[in-house]
Amino acid sequence: MSGSRQRTLGGGGQHVLDYLKRMQAENPAFFYAVQGDNEHSSGNIFWADATSRMNYTYFGDAVTFDTAYRANRYRVPFASFTGLNHHGQPVLFGCALILNESESSFIWLFQTWLHAMSGHHPVSITMEPDRLIQVAVAQVLPETRYRICKWSIFRESQEKLAHLYQSHPTFETEFKRCVNDSETNDEFESNWKSLLERYYIMDNEWLQSMYSARQQWVPVYMRDAFFGELSVSEGSGGLNLFFDGYINASTTIQMLVKQYEKAIVGWHEKELKADYDTTNTTPVLKTPSPMEKQAASLYTRRIFKKFQEELVETLANPATKVDDSGTVATYRVAKFGEDHKAHAVSFNSFEMKATCSCQMFEHLGIICRHILAVFRAKNVLTLPSQYVLKRWTRNARTGAVLDERASELPNNSRESLTVRYNNLRQEAIKYVEEGAKSIHIYNVAMDALQEAAKKVAAVKSQGSGATQGGNLSNGGSQELHATEENQMSAYPSVDEKEKKIHELTAELENTNQRCEVYRANLLAVLRDMEDQKLKLSVKVQNARLSLKE
């Protein structure tokens, strides 16, 4: 797409704006901005709630920008910024309604999104194949590695190569195998050339253009940058997994807000369940390795399973030393019977650093079977700290990342309010996690929360407090500097204090509800244990009677 395109939302656009204004009024950490006149719905709209902004501080290294509404002819021009959390689940970083599709509009959108994310650039971003978006990313995120979604390329190939797909049913499978299974640049080059020659399509212009852009979409060329994908097959249905099943081509602007909120609630519940499973269940170990036990205590359940697969594979992938120059040794690692697919691992024994030609750790953040095979050969029993990426651990949301980034934020009322909000929320979550461990700790945590609620209520009734506050965004319009000029005073009004107190009270109530859920689950477990003890006692008693007889 090369030209601009203007859309309209009709009366429903105002419905969305009213919702955003209400959310921003209820929670000062809610950010939204409108390009153009913010009293009307004629310009692009961006928003990100407090949770999305906090999620970005932990998981904003790899971002996906989805504009599926264009290819799938959605009724609403809905786009989103998403990523993956420590469970490998989709997590939201912001949403947009793109009414004006032009180069300047996409530049505004990325600038606004980056501003809402406190100016922190992601390591990588994945997007649809579109010139306007690529230009915007290159200008606003020059240091970010960008990637074109390969599944979008596959989808486009069905249109561009329709005659080939019809006449040669095997072509699609071979085309995808060439792209997905090539393990080196040279292997891809060779496979691509053979594919084109076999089907006599060397002169196809679209394939030539895709080959020219191969470094932006073929996986083997992207392995040196972190994208956080857990498997090749994931995301095969498109980029936007967060809103899959909630927003589609039939969703109207009137339905959008409700579906948006349903998606947020749905994924929040899934994350809570994954947190609970990680904390309260013990994975089955498959080796006697201390490293596996260590990983089980560090990673979330899903990431541990991925690590475990790699560790188990070391049994079939022996490491053979091929060169040794002092502190650095080179190993050749290949699966039995597959010597032609060997990988080279360089290991520095002094620094305990290893690099592999497969670059799995660089791309995924989980150490590969080849390096683990070398560790096994060198009797390295535990994972060196540099190979445990915090974003994949069960403690990914604990303070370090947030605190580091918070210290870099501008020292003003808007940003400090965000930090305070996030810190309070994180502390509340700690009470939930600790309170779930035993009935005694649960009672202590509940008493503490109830006491805190009384103090908050007392402050609210007095109408006092000298803490600074402010507005993250006044629903800024036009360019970003307009948002800055319209910021509220650094000192909050009484209404703002009451809103903040209401927000904290709601957070406490939500935490109480979650504690109740955990308590109910724990009680159920205890009841099961008591039942088992009773049954075992009966069996023991019967056994004793049998012996006496």
Side-chain angles (χ1 to χ4, degrees), residues 1-7 33-36 43-48 52 56 60-74 76-83 90 92-117 119-157 159-160 206 209-210 212-219 221-222 225-229 235 237-243 247 249 479-480:
M1 184 168 111
S2 58
S4 62
R5 179 181 178 185
Q6 183 70 42
R7 290 171 176 256
V34 183
Q35 184 183 24
N44 293 333
I45 303 171
F46 169 79
W47 72 93
S52 295
Y56 187 79
D61 42 14
V63 175
T64 293
F65 177 59
D66 180 73
T67 52
Y69 72 89
R70 305 157 93 189
N72 298 327
R73 294 175 175 80
Y74 280 30
V76 177
F78 179 79
S80 64
F81 294 88
T82 60
L92 188 62
F93 300 142
C95 301
L97 290 174
I98 304 177
L99 283 78
N100 180 12
E101 297 178 353
S102 65
E103 185 176 302
S104 60
S105 289
F106 280 112
I107 290 174
W108 173 88
L109 177 59
F110 279 97
Q111 286 176 337
T112 306
W113 172 74
L114 190 63
H115 175 73
M117 301 300 124
H120 293 289
H121 292 225
V123 173
S124 65
I125 186 167
T126 302
M127 55 198 175
E128 300 282 352
D130 185 274
R131 187 190 66 82
L132 296 178
I133 299 176
Q134 291 177 38
V135 169
V137 168
Q139 180 168 327
V140 181
L141 305 171
E143 298 178 359
T144 297
R145 185 72 172 271
Y146 79 86
R147 175 179 68 171
I148 298 171
C149 174
K150 68 179 179 182
W151 300 107
S152 298
I153 301 294
F154 291 154
R155 184 181 62 230
E156 191 174 336
S157 71
E159 175 188 342
K160 301 293 184 179
W206 183 80
S209 67
M210 290 300 97
S212 298
R214 63 192 180 282
Q215 293 185 346
Q216 277 74 53
W217 69 279
V218 177
Y221 292 98
M222 315 299 293
F226 181 81
F227 285 92
E229 285 182 326
L239 289 175
N240 200 340
L241 297 178
F242 191 90
F243 291 102
I247 296 175
E479 302 301 332
L480 287 177

Exam field: side chain T126 to backbone T64, donor-acceptor pair closer than 3.5 Å
no
Of the non-hydrogen atoms in S152 and P129, which two are nearest, and what is the gap between them?
CB-CD, 3.4 Å
On a heavy-atom basis, which atom in F110 and which in I125 lie closest, and how many Å separate them?
CE2-CD1, 3.7 Å
Considering all heavy atoms, the nearest L92-F243 contact
CD1-CE1, 3.7 Å
Validation row: I98, F106 side chains within 4.5 angstrom (heavy atoms):
yes
Which residues pass the ring-ring contact (aromatic ring centres under 6.0 Å, His included) test with F226, not counting sequence neighbours?
none
Looking only at atom types and distance, does a side-chain atom of D61 sit under 3.5 Å from a main-chain N or O of V123, one as donor and one as acceptor?
no
Which atom names give the shortest non-hydrogen contact between G94 and A48, and what distance separates them?
CA-CB, 4.0 Å
Under 3.5 Å, side chain of S105 to main-chain N/O of N100, donor-acceptor pair present?
yes
Look up atom OG in S102 and atom CD in Q35, then write down how far apart they are to the nearest 0.5 Å.
6.5 Å
Does the side chain of R145 pick up a donor-acceptor pair with the side chain of S124 at under 3.5 Å?
no
So, for Y56 and F81, is the gap between ring centers shorter than 6.0 Å?
no
Looking only at heavy atoms, the pair that brings S80 and F78 closest together is CB-CE2, 4.3 Å
Here the gap from M222 atom CE to W217 atom CH2, rounded to the nearest 0.5 Å, amounts to 11.5 Å
Under the ring-ring contact (aromatic ring centres under 6.0 Å, His included) rule, collect the residues that match up with Y221, sequence neighbours excluded.
F188
So, taking the atom named CG in L114 and the one named NE2 in H120, what distance separates them when rounded to the nearest 0.5 Å?
9.0 Å
E103 and V135: which non-hydrogen atoms are nearest, and at how many Å?
CD-CG1, 3.5 Å
